[in-house]
Amino acid sequence: SLLVYCQYSQNVFSIINSVQITEKNAEPEKTLLTYLRRNLGLTGTKLGCAEGGCGACTVMVSKYHPHQNQIIHYAVNACLAPLCSLHHCAVTTVEGIGSVASKLHPVQERIAKAHGSQCGFCTPGIVMSMYALLRNNPQPSMHDIQEAFQGNLCRCTGYRPILEGYRTFAKDGGCCGGKGQSNGCCLTNGHTQEHDNSTLPAQKLYDQSEFMPLDPTQEIIFPPELMVLSKQPQRELRFAGERVLWIQPCSLEELLELKATYPNAKLVVGNTEVGIEMKFKNLLYPVILAPAYIPELNIIQNTQDGIQVGASVTLTVLGDVLRAAVKKLPAHQTEVFKAVLEQLRWFAGQQIRNVAAVGGNIMTASPISDLNPVFMAASCKLTVMSKGTTFFFHVQGSKVVAFHDLIQNTEAEGQYFSAFKQSPRKEDDIAIVTCGMNVFFKEQSNIVQSIRISYGGMAPVTVLATATCNRLLNSQWNEELLEEACTSLAEEMSLSPSAPGGMVTYRRTLTISLFYKFFLNVQHKLSLDLRKEGVTVEDVRPEYATATELFQLDSPSSVQLYQAVPPGHNSDDVVGQPIMHLSALKQATGEAIYCDDIPCYENELHLALVTSTKAHALIKSIDTSDALAVPGVVAFISAKDIPGSNMTGPVVYDETVFADDKVTCVGHIVGAFVADTQAHAQRAAKAVKISYEELQPVIVTIQDAIANKSFYQPVRSIERGDVAQGFKDSDHILHGKMHIGGQEQFYLETNCTLAVPRGEDGEMELFVSTQSASKTQALVAKALGVPANRVVCRVKRMGGGFGGKESRSTILSTVVAVAAHTVKRPVRCMLDRDEDMLVTGGRHPFFGHYKVGYMNNGRVMALEVRLYSNAGNSLDLSLALFHMDNSYNIPNIRGTGYMCKTNLPSNSAFRGFGGPQGMMIAESWMSDMALSCGLPAEEVRRMNMYKEGDFTPFNQRLDQFTIDRCWEECMQLSDFNKRKDAVEQYNRQHRWTKRGLSIIPTNPFPLRLQIIIRKRRLSLVLVYSDGSVLLTHGGTEMGQGLHTKMVQVASKTLGIPCSKIHITETSTNTVPNTSPTAASASSDLNGMAIYNACQTLLQRLQPYKDQNPKGCWEDWVKAAYFNRVNLSANGFYKTPDLGYDFETNSGRPFNYFSYGVAVSEVEIDCLTGSHKNLHTSIVMDVGKSLNPALDIGQVEGGFMQGLGLFTLEELRYSPDGYLYTRGPGMYKIPAFGDIPIELKVSLLRDAPNEKAIFSSKAVGEPPLFLAASVFYAIKDAITAARAESNLTGPFRLDSPATPERIRNACEDKFTKLVCSNFHC
């Protein structure tokens, strides 16, 4: 526990484990996260985004709250919390609750043993969110647990194992899907699943009976000395920093005086807005006033008119107060309270709500505020004060001090109030449109007495629909009023086609759709209330009822199926057993070391990049004078400082380390500053002035590239059969197009490099978060002009990679290495999230144009497809043609692939590497064809699927073909036919919500071998004289469990327990010339290399085993050691017989194929475009699994990344190539609430793969595409919605299927009204 308290002398005193630390002259700009990591060396708390959007930095703050007269514990984002704000607070980090070395806390143990930690970078934050919840509520509900994680993200696991592990803390575990697990199981509490298939046995991936019990009495107590200090009279605190003065007044009078003295001072309570402005918008606020502890601003008082809430009251406290009022007061008096609570459910994450204040939310005056439309519609009163003046006004923006907000209730009946928020993601997302709607009716009637409708997201400020409200006065609440309101709103809520935020048609449609929801909600409640008074008015039609329901986050359930080891299996043989990730416990305690956790070297400097603000321009001049004047700045590094070659690139040297005279994208690295701190380096980077001469054209999109014929060469084609004849023989020909957006890898640990010059012979040691240690070594050596043997690259572990650190990590490593060489000192750089997203690129956007010929029965005869990928400003890694058929046998096929050269940062590998895009376009024409034929899509897909012995378009024979088995098992696992009947029945009974169902196969090729040299691996196995084994191989650990699997392989081969084997790191001075850990090939190739080395060692030890057959491993090793036997061995393996020739379309490009099938069911809201993932069943062929726990984790994690790709994640660029979505605030990956409510994963049984280590198969990439089943289930639901408007046949739905695209595709009277008014 960290105890922090501040004094007037500008000192911060800390007590950690009874050790007092004095921090003199506390810096107002320093965050708690920086203090923990840099000053105290507590690196368990991670930096993931610096904007409070990912939760990696979560810690628990405890303090005595004088206004509540109690000790409170709450989770906060350390990346936003100013150190100066922690006066009289205790801070608990992940290191403070337990450790592997001493004793684990149950929260740490359960996430690790439940397989809920893969890369582990997000794990400490999730652990602390759960810990903070348990400190307040030792027996939470599953709803409480899910709510606690709204501010946490994980990119690896798919969330299921985290929730399942922590379900064991819940008092209402709900349906666990565990088929007999005792804690809260549905089989013991009487609940059963609707489509349960009890014939399938489920295995446990862990034994929860081994979990330590939670004992709340053993938690760290709140420091008594803090209690004493907190109860003493408070005094003003001042902290003067390098640029900012922080003042914490202790009375309202002091605050008003300070505000008069410093009229431009910012008021900060939670720092959730100002902190982001100063960090990312380069704004400086020289004076900050912190009114968090002023009594008058913390008031909560019930009055005759409502509840008076002080401006410093946090949103969490506000929610608690309103929930208590709702329980206590009559329902008609709490309409507004319930509306505010509904908005608070989806307001940011729990960590933000814990510190963000009501007054701050109002005074920010955001045009998309969640709460201001509610306050405005409710006519809430705001009291504002300045020195000598107090006045009231209704909620808007202001520059004076917010005193308190009066949230009104009403004594009279006849009021109905609703609030709505529509955002791309339900949890922790900014709104597209928000609204508050308030209507009063004349006594015992449905005649409108007054009405207020307020919208956010439709203007620069929150606006009232005044004209519409006036037109509805004295009207009856019926269909005529609805028609009048919708027509009026379509006119009044107008937007310019170029309005900021885009989505103009969608936003205008939402204003009407949300009013319609309000109309139905009021109509239903009004009919019930008036019926009690003996007055009859029309109720909502039954098929419209679901439009009135609030979104509910159901507790997820899951089943995992795999082939357990047979009875009598040797317990020492761990291959095939679900053992825990070897680093999971260290990751859960914060003891696992990542690149930026390495302690700072003496004289170490920090680096910040200077990047281009233009997409295509010549550099005329670079003025660094102001930047070099920033305190602590040592040097500016640019192309002139490179001692070797400025040319770089993963395959072709078509990039530069630094832009020399020309930039070709926004984010092109121009230079870098090195300084004594990261803050100083970043400040200098922002102060540099670059003059450009802009060039044309600026090519951003694929359409731009097509128009300008901007393509990389060669243009590749694959053709088989007679395509022209195939079209002639077809009954029908269908044309179509589809666009698939790009995707950011969003590894939780951003790119990081620490370069340490060794001072002689040009030697350089690099600690890097990279998938490509040898490529990093080679490119750094090239830039430094030294042989590769002078550069050592070390990789301990990565906080995620997903392909994004395969090649793009080198653009940072080379820069840092050049800087370290120049200044002759160690240099470190860990990119901020916005920098990382700006410079590294991501998954390629794709555009597909297809022509398909087919017969009346749905049989495909011919296909011609053109695939365009947005490669960016360099070739990097770009391909997809091998996937254009997905799993379908097309007798006549031609595919052409174009790599578009654009002015975007080079796109690169990302889990699947072009495969998901190619297969997605295949499923698009398959879906269109099924709709055109009027046949069930699953029948058309099944009819056209490959069979054993068929040949692919690249003429490779399919053997050991299992996709038909996967298909049949998935149909059974999901109970597809029964589920389909239920979906059809649901759709007949509901107009405004529709369900969809889809089954999709995947036929990815895990060993994508365009570069044959990559498909070889080396290993080094060292046996020490005490019998311990040190294992080194060419693969890197990024959370996929590669090191764990390799230890399992070595354990089985050598016949010794895993505990005797250790892997320290991947380094180029132990295993040279390694290939990137990518393309799902690492377990196969490294496993075989390790097997090879172990076999060599066993041969050397065999004579000593023969001499002493009753001896043990240590005896044989010691005997060999004393007999001077070499106890180290190199292993080598290359995949045999690989090669492919595009010109002749011949060869064997892949060693084997992986197969899988998924069924998904969704429910869409036709009025808003939101959707729920109701069910997913997955059957995946992974051969004979090396580790079912890790493999199921890869299946679920890959599936959730695919879910983001196809339904949520959207990169948005300006026409000038500027990336708008540069962090979790704007770019949304799936969250805890996005996982399917019911998730079943089965690893196909009895499917050994003789071509890989111990009959296993690759598993990293193949499952991602199975999330296309969700996309096509959404399309199926949209089809049902369109049928209500008599729209049938194929329609275009681009990916991702965002709420905007879903709503616009569900054409109805409201969309037509907007389009007719807007001239769509």
Side-chain angles (χ1 to χ4, degrees), residues 595 609 645-658 664-665 667-669 712 742-747 749-753 766 768-783 788 791 793 795 798 800-817 829 831 835-845 869-880 899 901-902 904-915 1008-1015 1034-1036 1038 1040 1066 1068 1073-1082 1260-1261:
C595 187
L609 299 177
S645 172
N646 193 30
M647 299 307 297
T648 188
V651 180
V652 179
Y653 297 142
D654 61 347
E655 301 181 59
T656 58
V657 177
F658 293 107
T664 55
C665 69
H668 200 152
I669 298 174
Y712 290 103
Q743 185 182 25
E744 163 65 27
Q745 288 91 356
F746 212 95
Y747 26 71
E749 178 204 30
T750 58
N751 276 287
C752 181
T753 295
L766 299 167
V768 189
S769 180
T770 181
Q771 297 170 235
S772 305
S774 289
K775 179 57 67 174
T776 301
Q777 175 194 36
L779 292 179
V780 166
K782 187 174 186 294
V791 178
C793 180
V795 183
M798 284 170 277
F802 317 117
K805 296 176 181 177
E806 179 180 350
S807 63
R808 304 319 296 164
S809 61
T810 61
I811 66 175
L812 177 65
S813 300
T814 49
V815 168
V816 176
C829 180
L831 295 179
E835 294 176 299
D836 194 283
M837 292 186 70
L838 178 69
V839 303
T840 59
R843 186 187 298 278
H844 299 72
S869 69
N870 192 329
N873 69 340
S874 73
L875 266 172
D876 196 82
L877 302 169
S878 310
L879 196 69
M899 296 173 289
K901 184 176 183 179
T902 62
L904 294 182
S906 184
N907 286 309
S908 185
F910 186 179
R911 203 174 196 159
F913 188 61
R1008 52 192 90 266
L1009 302 167
Q1010 304 87 333
I1011 306 171
I1012 302 301
I1013 192 65
R1014 287 186 171 193
K1015 303 310 157 188
T1036 54
M1038 64 189 99
Q1040 81 279 43
T1066 303
T1068 56
N1073 307 318
T1074 61
S1075 303
T1077 303
S1080 305
S1082 298
E1261 293 175 306

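Note that these values count all heavy atoms, side chains included, but never hydrogens, waters or copies made by symmetry.
- Here the side chains of M798 and T1036 are in contact, with some heavy-atom distance below 4.5 Å.
- Within the 4.5 Å cutoff, the side chain of Y747 has heavy atoms near those of the T840 side chain.
- Using a 4.5 Å heavy-atom threshold, the side chains of R911 and Q745 count as separate.
- Between the side chains of S769 and K805, a donor-acceptor pair is found at a separation under 3.5 Å.
- Looking at heavy atoms from C-beta onward, Y653 lies in side-chain contact with L779 at the 4.5 angstrom threshold.
- Under the side chain to side chain contact (heavy atoms under 4.5 Å, CB included) rule, Q777 has a single partner from V791, T810, V768, which is V791.
- Smallest separation of non-hydrogen atoms from F802 and Q771: N-OE1, 3.7 Å.
- At a threshold of 4.5 Å between non-hydrogen side-chain atoms, the residues E806 and K775 do not count as touching.
- Going from atom CZ of R843 over to atom OG of S869 covers 12.5 Å, rounded to the nearest 0.5 Å.
- For the pair K901 and N873, the minimum side-chain heavy-atom distance is 4.5 Å or more.
- For the pair D654 and L875, the tightest heavy-atom approach, listed with the atom from each and the gap, is OD2-N, 2.9 Å.
- Scored by the salt bridge (Lys or Arg N to Asp or Glu O under 4.0 Å) test, E655 finds R808 as partners (sequence neighbours excluded).
- The backbone N or O of E1261 lies less than 3.5 Å from a partner atom in the side chain of S1080, making a donor-acceptor pair.
- Annotation: side chain of V839 is not in contact with side chain of P905 (no heavy-atom distance under 4.5 Å).
- N907 places no side-chain N or O within donor-acceptor distance of the main-chain N or O of G841, the cut-off being under 3.5 Å.
- A side-chain donor-acceptor contact under 3.5 Å links S813 and T753.
- You'll find the side chain of L609 reaches within 4.5 Å of the side chain of L812, heavy atoms only.
- By the side-chain hydrogen bond (donor to acceptor under 3.5 Å, both in side chains) test, S772 pairs with no residue at all, sequence neighbours left out.
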*In sequence, state the C-alpha distance, the side-chain angles, and the governing distance for T750 and D836, and then conclude on side-chain hydrogen bond (donor to acceptor under 3.5 Å, both in side chains).*
CA-CA 6 Å; T750 58; D836 194 283; 4.7 Å; no
